[in-house]
S.K.: 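Shown below is the structure under consideration.
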Amino acid sequence: MQWIPNRLSAFRPEGAVTGWPGKQVARRLVFLPLLLGLYACASTASKSPEDKIAAMDRDMLQTGLADIDSIYINKPDMPKLTLSGMQQLSSLDPDLSVDGDSDELKLLLKKIVIETEKVEDGEEATGKQWGKAAARILREAREKSPKLAAVGDEKIYEAIFTGIVGKLDGFSRYSGTEAAREERAARDGFGGIGIRISVEDGEVRITAIMHYTPAERLGLKRDDIILKVDNKSVEGWTQQQVINELRGEVDSRVTLTLLRDGKDDPFDISIKRAHVVPETVSYRREGDIAYFRIFSFNSGTATSLKRTINDAKDEIGKKLKGYILDLRNNPGGLVPQSVATADLFLNEGRVISVHGRHPDSHQYFESTDGDIAKGKPLVVLIDGNSASAAEIVAAALQDNGRAVLIGSNSYGKGSVQNIQQLPNSGEIKITWARFHAPSGYTLHHLGVLPTICTAGKHSSDALMNELRLGELPEVPMIKRNAAKPDDTKALDALRQSCPARKSEDPVDLELALKLIDQPSLYASAVDLATPPEAAQVDDAAEALLPFIP
C-alpha cells in the first residue's frame, strides 16, 4: 500500500495524500519547487558534463538515504545500508569493490584501495552525510572504471538503490526513471486516448476500450488494427513505443490510421487526448445481485466504483437484493482509495489507523455518513492474493459488521510504503508504517480471516446447510486480537485456521449469491465475525507496539 507524500510539507490527518476523494487536499507549496528548479538551472549552466553527473550522483544518494533515515519504520543502520548499496558496483565492474565500517567507505580497484571517505559522527551520521560520502566514492569509481562509465547512469542507480533497499524489508523498493513513469501512470493516470493494445506478429491491435474516454466517444472498437500514429508506420515498433506515441499532453491531438474488419480501406481518425486513469473496477449483473470486481486501487477506484454502483442501481432497480465486492487477486494500491472505498458502505466507525516511527505516520481514518448500498447485504470475496489496500477494505467492512467475508485468509501485507520521488524522476518506496484494523489488531503477517472459510470446501450448498444448523465456526476474534504483532508463531497458527488459497474457486461466488438471496442466513453469517468489545486498542498504546518488517 502506498502513500504519495508532498516532499516539502509534513503529513496531515486529512488531505495530505494526493487523490483523496471527497476530502480537502492540503495546499502544496508549489512555488518552492519552481524556485529551486530555476536556481538549479542557473547554478549548473556553466558546469562541465562530468560536474553535472557528479551533482546528480550527490543529489540522488543524499536524497534517497536521507529519506530512508527520516521515515523508515525502524531506525536504519546507515553505515550498513550505504555499504550494501555501494558494494553493488562490483556487479557492473568486477574489478571494483567497496569496503567500509561504521565511519568510512573505501573504494578498491583490483583489491587495492584507491579512495577513502571518512564520515564524521559515523553511526550517528545522517543519511545525507552518508549519501555525500557515497557520491564521492561513486565519482572516483566512474573516473577509474571504463566499464562503469559505459553502462549508463540508470543502471548504476538501479544497482546501488537495489542494494540499499534490499537490506530494509521485502516491500521497500527502487523504481528507475522509466519504471516509475509507468507506475505513476497506473496510479494517477496520464494524457492518452483510453485504449489497451497488444503487439503480436508485427500487428498493433486494440484489445480494449476504456469507458468515459476519447476512444469510446469517437467510436474506436476492439480488434481495430493501428497501422500508423501521426502518419508514422508502426511496423517494427514495440508495445512500449506505441504506448509512448499514443500518450501525450492533455488536449493535444493524435491521428491514428486504422484498419477495421468490415471496411475495405484504412481510415484516419483524429483524437484529442484527455486525462485517463486506468480502469480498476468491473461490473456485471448476477440476477438481482450486483457483482463488482476491483483489480487494484489507483486514484480513480473509489469514484469509479461509486459511479458503477449507481449504474447497477439504475439497471436492476427495486429488485436489487445486494452487492458482491470481489477483492481476490487484488494486490492493493493507494491508501486513500481503500479508505474511500470502504467508506462508501459505512455510516460510522473507524476504517483504519496507521502508525510508524515518523511522527506524521500516526493517523486515524473515520468513516462518514452515507452508505451507498442503504444497508443491503454486502459480501466481500478474498483470497491469499488479496493484499494491502484490499485488506484494509475487507477488515474495515468486517469489523464494522457491514459485510460477510467469504474465501480464505488474505496475504498479510500490513505495512505502508511512502513513495518519494528522486532527482532522476525515479522513485523509492519506503516502508514507513503499519496499519491496524478498526478492532485494533495488526494485519501484518496475519492478514484478514474470512467470516466463512471456503479453503478446501467445494460445495456451497453444504456450507449453507452448516450455517443454517449453526455448525460453522466463529472467527477466532479474541485470539486474533490478543496476538502480538511480533508473535509469528501465534499469527501462523491463526492463519492455519483458514489457509490462504492462491487460486480462485467458484464456490466463493456461488456461496455469496446464495447468502444474499437468504437475508436471515446472511444476518447469521455477519454475527460469526463480531469483534470483542474489549478489542479496541488505546490509540496511544497502539502507536507504541513493536513492528517486525
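This is a predicted model, so every value here is computed, not measured.
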S.K.: Under the 3.5 angstrom rule, does the side chain of Asp399 hit a backbone N or O of Ser439 as a donor-acceptor pair?
M.R.: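 Yes, Asp399 side chain to Ser439 backbone: donor-acceptor pair under 3.5 Å.
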S.K.: Can you find a side-chain donor-acceptor pair between Glu182 and Gln240 that sits under 3.5 Å?
M.R.: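 There is such a pair (donor and acceptor under 3.5 Å, judged by atom type) between the side chains of Glu182 and Gln240.
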S.K.: Does CD in Glu348 sit with more than 12 non-hydrogen atoms of other residues, nucleotides or ligands closer than 6.0 Å?
M.R.: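 Counting neighbours around CD of Glu348, 12 or fewer heavy atoms of other residues, nucleotides or ligands fall under 6.0 Å, so no.
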S.K.: Check for a donor-acceptor pair, side chain of Gln241 on one end and backbone N or O of Thr238 on the other, with a separation under 3.5 Å.
M.R.: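 It does hold such a pair.
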S.K.: Under the salt bridge (Lys or Arg N to Asp or Glu O under 4.0 Å) rule, what do Lys155 and Glu158 come out as? Steps first, then yes or no, please.
M.R.: CA-CA 5 Å; Lys155 285 190 176 295; Glu158 182 177 0; 5.5 Å; no
S.K.: Cation-pi between Arg284 and Tyr291: NZ/CZ under 6.0 Å from ring centre and within 45° of the ring axis?
M.R.: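 Pair Arg284/Tyr291 counts as cation-pi.
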S.K.: Start with the C-alpha gap between Arg173 and Glu183, add the side-chain angles, then the distance that decides, and say whether salt bridge (Lys or Arg N to Asp or Glu O under 4.0 Å) holds.
M.R.: CA-CA 13 Å; Arg173 65 187 179 88; Glu183 290 166 11; 3.3 Å; yes
S.K.: Look at atom NZ of Lys489 and say whether more than 12 heavy atoms of other residues, nucleotides or ligands are closer to it than 6.0 Å.
M.R.: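 No - once you tally the heavy atoms of other residues, nucleotides and ligands closer than 6.0 Å, there are 12 at most.
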S.K.: If you draw the axis of the six-membered ring of Phe171, does the NZ or CZ of Lys429 fall within 45° of it and under 6.0 Å from the ring centre?
M.R.: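 No, Lys429 does not sit over the ring of Phe171.
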S.K.: Which value, rounded to the nearest 0.5 Å, describes the distance between Thr454 atom OG1 and Asp383 atom CG?
M.R.: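 Here the rounded value is 9.0 Å.
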S.K.: Ignoring hydrogens and geometry, is there a side-chain-to-backbone donor-acceptor pair from Arg293 to Arg328 under 3.5 Å?
M.R.: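 Yes.
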S.K.: Show the numbers, then the answer: is there a ring-ring contact (aromatic ring centres under 6.0 Å, His included) between His355 and Tyr364?
M.R.: CA-CA 9 Å; His355 301 286; Tyr364 309 89; 5.2 Å; yes
S.K.: Rounded to the nearest 0.5 Å, what's the gap from CG on Asp371 to CG on Asn347? Could you check?
M.R.: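 So the CG of Asp371 and the CG of Asn347 are separated by 5.0 Å.
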S.K.: Passes side-chain contact (heavy atoms from CB on, under 4.5 Å), Glu427 versus Arg184? Steps please.
M.R.: CA-CA 10 Å; Glu427 292 177 343; Arg184 284 191 290 271; 3.0 Å; yes
S.K.: Go through it in stages, so that I can follow the logic: the residues are Asp505 and Lys457, the test is salt bridge (Lys or Arg N to Asp or Glu O under 4.0 Å), and I'd like the CA-CA distance, side-chain angles, deciding distance and then a yes or no.
M.R.: CA-CA 9 Å; Asp505 193 310; Lys457 307 292 181 67; over 6 Å; no
S.K.: Locate the shortest heavy-atom distance separating Leu463 from Leu472; write the atom from each residue and the value.
M.R.: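 Looks like O-CD1, 3.9 Å.
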S.K.: Are more than 12 heavy atoms from other residues, nucleotides or ligands located less than 6.0 Å from atom NE2 of His275?
M.R.: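 More than 12 heavy atoms, drawn from other residues, nucleotides or ligands, come within 6.0 Å of this atom.
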S.K.: List the atom of Ala302, the atom of Gln337, and the distance in Å for their closest heavy-atom pair.
M.R.: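 Closest pair (atom of Ala302, atom of Gln337, distance): N-OE1, 2.8 Å.
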S.K.: Does Ser91 use its side chain to pair, donor to acceptor, with the backbone of Gln88 at less than 3.5 Å?
M.R.: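 Judged by distance alone, yes, a pair lies under 3.5 Å.
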S.K.: Without swapping roles, check the side chain of Asp508 against the backbone of Leu511 for a donor-acceptor pair under 3.5 Å.
M.R.: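 Not a single qualifying donor-acceptor pair exists.
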S.K.: Treating Asn400 as the side-chain partner and Arg350 as the backbone partner, does any N or O pair qualify as donor plus acceptor under 3.5 Å?
M.R.: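 Checked: pair present.
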S.K.: Is it the case that more than 12 heavy atoms not belonging to Lys313 sit under 6.0 Å from its NZ atom?
M.R.: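 Check passes, neighbour count above 12.
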S.K.: I'd like to know if the side chain of Thr162 reaches the main chain of Ala159, judged simply by a donor and an acceptor atom lying under 3.5 Å from each other, with no hydrogens or angles considered.
M.R.: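 It does not hold such a pair.
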S.K.: Do the rings of His358 and Trp432 sit parallel, tilted or perpendicular, given the 30° and 60° boundaries?
M.R.: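 Rings of His358 and Trp432: tilted, as their planes differ by 30° to 60°.
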S.K.: If we check side chain to side chain contact (heavy atoms under 4.5 Å, CB included) with Leu305, which of these qualifies: Ile372, Thr341, Thr280?
M.R.: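 Between Leu305 and the candidates, side chain to side chain contact (heavy atoms under 4.5 Å, CB included) is satisfied uniquely by Thr341.
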S.K.: Decide side-chain contact (heavy atoms from CB on, under 4.5 Å) for Val380 and Val404; before the verdict, give the C-alpha distance in whole Å, the side-chain angles of both, and the deciding distance to 0.1 Å.
M.R.: CA-CA 6 Å; Val380 178; Val404 173; over 6 Å; no
S.K.: Report, as yes or no, whether the 6.0 Å neighbourhood of atom OH on Tyr411 holds more than 12 heavy atoms from other residues, nucleotides or ligands.
M.R.: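 Result for OH/Tyr411: open.
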S.K.: Quick one: pull up NZ in Lys479 and CE in Met477 and give me the separation to the nearest 0.5 Å.
M.R.: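 Rounded to the nearest 0.5 Å, the NZ-CE separation comes to 14.0 Å.
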S.K.: Under a 3.5 Å distance rule, please check whether Ser408 uses its side chain to pair with a backbone N or O of Cys498 as donor and acceptor.
M.R.: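 Checking the backbone N and O of Cys498 against the side chain of Ser408, no donor-acceptor pair under 3.5 Å is found.
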S.K.: Could you walk me through whether Val379 and Leu325 pass the side-chain contact (heavy atoms from CB on, under 4.5 Å) check?
M.R.: CA-CA 6 Å; Val379 173; Leu325 202 59; over 6 Å; no
S.K.: Does atom CZ of Arg468 have more than 12 heavy-atom neighbours from other groups under 6.0 Å away?
M.R.: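 More than 12 heavy atoms, drawn from other residues, nucleotides or ligands, come within 6.0 Å of this atom.
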S.K.: Give, for atom CD1 of Ile197 and atom CD1 of Ile195, the distance between the pair rounded to the nearest 0.5 Å.
M.R.: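 The CD1 atom of Ile195 is 6.0 Å from CD1 of Ile197, to the nearest 0.5 Å.
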S.K.: Start with the C-alpha gap between Lys167 and Ser84, add the side-chain angles, then the distance that decides, and say whether side-chain contact (heavy atoms from CB on, under 4.5 Å) holds.
M.R.: CA-CA 8 Å; Lys167 290 294 183 181; Ser84 177; 3.3 Å; yes
S.K.: Does the side chain of Thr177 pick up a donor-acceptor pair with the side chain of Glu154 at under 3.5 Å?
M.R.: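 Their side chains do contain a donor-acceptor pair, which is all the 3.5 Å distance test asks for.
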S.K.: Look up atom OG in Ser460 and atom CG in Leu509, then write down how far apart they are to the nearest 0.5 Å.
M.R.: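 Those atoms lie 9.5 Å apart.
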S.K.: Within the distance-only criterion (no hydrogens, no angle test), does the side chain of His362 pair as donor or acceptor with the backbone N or O of Gly356 below 3.5 angstrom?
M.R.: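 Between the backbone of Gly356 and the side chain of His362 there is a qualifying donor-acceptor contact (under 3.5 Å).
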S.K.: Rounded to the nearest 0.5 Å, how far does CG of Leu513 lie from CD of Glu510?
M.R.: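 One finds 8.5 Å between CD of Glu510 and CG of Leu513.
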S.K.: Would you confirm whether Arg205, through its side chain, and Thr207, through its main-chain N or O, come within 3.5 Å as a donor-acceptor pair?
M.R.: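 Not confirmed, Arg205 side chain does not pair with Thr207 backbone.
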